Amino acid sequence: MSIGLKQVFNKDKTFRPKRKFDPGTQRFELHKRAQASLTSGVELKATVQLPIGEDLNDWVAVHVVDFFNRINLIYGTICDFCTERTCPIMSGGPKYEYRWQDDNRYKKPTALPAPQYMNLLMDWIEVQINNEDIFPTSVGVPFKKNFLQICKKILCRLFRVFVHVYIHHFDRIIMMGAEAHVNTCYKHFYYFVTELNLVDRKELEPLKEMTAQMCQ
């Protein structure tokens, strides 16, 4: 493992603390199964398919939390180089600008520097996945009817982190020798959201050409 990959997996470089699943729960078992598939040499495309007999909401919940942890870690490796000076706007190249909106301070889409956008995004996702009403951890507690819609919004916004990292900071990822890890994480994410139709195709446009080459 290269120095860069060691840094990628260094818990001290994590942008946010990892959310974990409680041992003994159904979601913990699903998480273990998903992780085992990833390390078994099974094609990434096959690992994202909903296992027979499993609940779609549980499968999505496991992956949303896992992708949050992984993308969080990736951004953590380059966040020292993503500053208000280097990235005054949260963007994905000259054609795509992402504006922040929430139910609190930012009622309307607001242009923000990338690091501020990222902080708000990770805080917002953390609130969602730690909310027992949205991501229930107790056996027998049902998911809300709009659970998948909430997850679609989370995944759409997490995709924007990939866009920003690939277009504005991938040179740093390469310098660290971590491109293989980031590429694998991206492909896993892409296959999952397209398999289950969780991110609108228009949102995927910024990385369309790169994705076509990577996932051909």
Side-chain angles (χ1 to χ4, degrees), residues 14-22 25 27 31 55-76 78-79 82-84 86-93 95-138 140-169 185-186 189-190 192-194 196-207:
T14 308
F15 192 54
R16 289 287 190 286
K18 292 181 74 172
R19 166 75 191 271
K20 297 181 179 179
F21 303 100
D22 294 328
T25 63
R27 215 157 300 153
H31 175 68
D55 178 71
L56 175 62
N57 287 337
D58 272 322
W59 189 239
V60 171
V62 163
H63 282 80
V64 167
V65 173
D66 191 47
F67 286 132
F68 170 68
N69 287 336
R70 290 168 182 267
I71 294 169
N72 198 7
L73 193 59
I74 289 169
Y75 184 70
I78 59 91
C79 65
C82 182
T83 67
E84 293 190 7
T86 62
C87 305
I89 295 293
M90 173 58 182
S91 63
K95 287 178 64 177
Y96 300 96
E97 178 184 323
Y98 300 119
R99 299 190 172 196
W100 182 256
Q101 183 177 13
D102 54 34
D103 296 325
N104 300 314
R105 182 178 174 186
Y106 299 94
K107 304 289 186 182
K108 296 180 180 179
T110 305
L112 296 172
Q116 187 178 351
Y117 182 103
M118 295 293 188
N119 270 297
L120 289 165
L121 171 59
M122 298 306 178
D123 284 345
W124 175 78
I125 295 176
E126 246 187 332
V127 168
Q128 311 298 311
I129 64 177
N130 287 311
N131 186 334
E132 284 284 331
D133 290 334
I134 301 174
F135 282 76
T137 56
S138 301
V141 177
F143 288 91
K144 296 175 71 169
K145 290 183 179 179
N146 65 339
F147 175 71
L148 287 180
Q149 287 304 120
I150 293 170
C151 288
K152 285 180 179 181
K153 191 169 185 178
I154 292 172
L155 292 166
C156 175
R157 288 180 163 184
L158 280 175
F159 178 75
R160 296 171 182 179
V161 181
F162 276 122
V163 174
H164 186 74
V165 168
Y166 269 116
I167 293 176
H168 295 283
H169 301 290
C185 183
Y186 173 71
F189 179 94
Y190 175 81
F192 182 77
V193 299
T194 53
L196 298 176
N197 197 28
L198 295 170
V199 173
D200 192 291
R201 290 282 177 175
K202 286 177 66 176
E203 282 286 340
L204 302 174
E205 283 289 320
L207 297 181

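Owing to the predicted nature of the structure, the values given are computational and were not obtained by experimental measurement.
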How many angstroms lie between atom [atom1] of [X] and atom [atom2] of [Y], to the nearest 0.5 angstrom?
X    : Y    : atom1 : atom2 : value
L56  : L196 : CG    : CG    : 6.0 Å
E84  : I89  : CD    : CD1   : 10.5 Å
T137 : N130 : OG1   : CG    : 10.0 Å
C79  : N119 : SG    : CG    : 8.5 Å
R160 : Y117 : CZ    : OH    : 4.0 Å
D200 : E205 : CG    : CD    : 9.5 Å

[Y] side chain reached by [X] side chain, heavy atoms, under 4.5 Å:
X    : Y    : value
Y96  : V163 : no
V60  : H63  : no
K153 : W124 : yes
I71  : V165 : no
M118 : H164 : yes
F68  : E126 : yes

With E97 via salt bridge (charged side-chain N to carboxylate O under 4.0 Å, His left out) - residues at least two apart: R99
With no hydrogens and no angle check, just 3.5 Å: does a side-chain donor-acceptor pair link H168 and S91? yes
Minimum heavy-atom distance [X]-[Y], with the two atoms named:
X    : Y    : result
I134 : F143 : O-CD2, 3.8 Å
P136 : V141 : CB-CG1, 3.5 Å
Y98  : P206 : OH-CG, 3.5 Å
L198 : K152 : O-CG, 3.3 Å
P115 : T83  : CG-C, 3.7 Å
Q101 : R157 : O-NH2, 2.8 Å

For this output row, return yes or no: ring centroids of F192 and F67 closer than 6.0 angstrom. yes
Please work out which of the three classes, parallel, tilted or perpendicular, describes the rings of F147 and F135, given edges at 30° and 60°.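 Ring orientation, 0 to 90° scale: perpendicular.
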Name of the residue among I125, L112, T110 meeting side-chain contact (heavy atoms from CB on, under 4.5 Å) with L120: L112
Name the one of N72, D66, L73 that satisfies side-chain contact (heavy atoms from CB on, under 4.5 Å) with R70? D66
For Y190 and F162, run ring-ring contact (aromatic ring centres under 6.0 Å, His included): C-alpha distance rounded to whole Å, both residues' side-chain angles, the deciding distance at 0.1 Å, then the answer. CA-CA 10 Å; Y190 175 81; F162 276 122; over 10 Å; no
After noting the C-alpha distance and the side-chain angles of Y186 and I74, does the key distance pass the side-chain contact (heavy atoms from CB on, under 4.5 Å) rule? CA-CA 10 Å; Y186 173 71; I74 289 169; over 6 Å; no
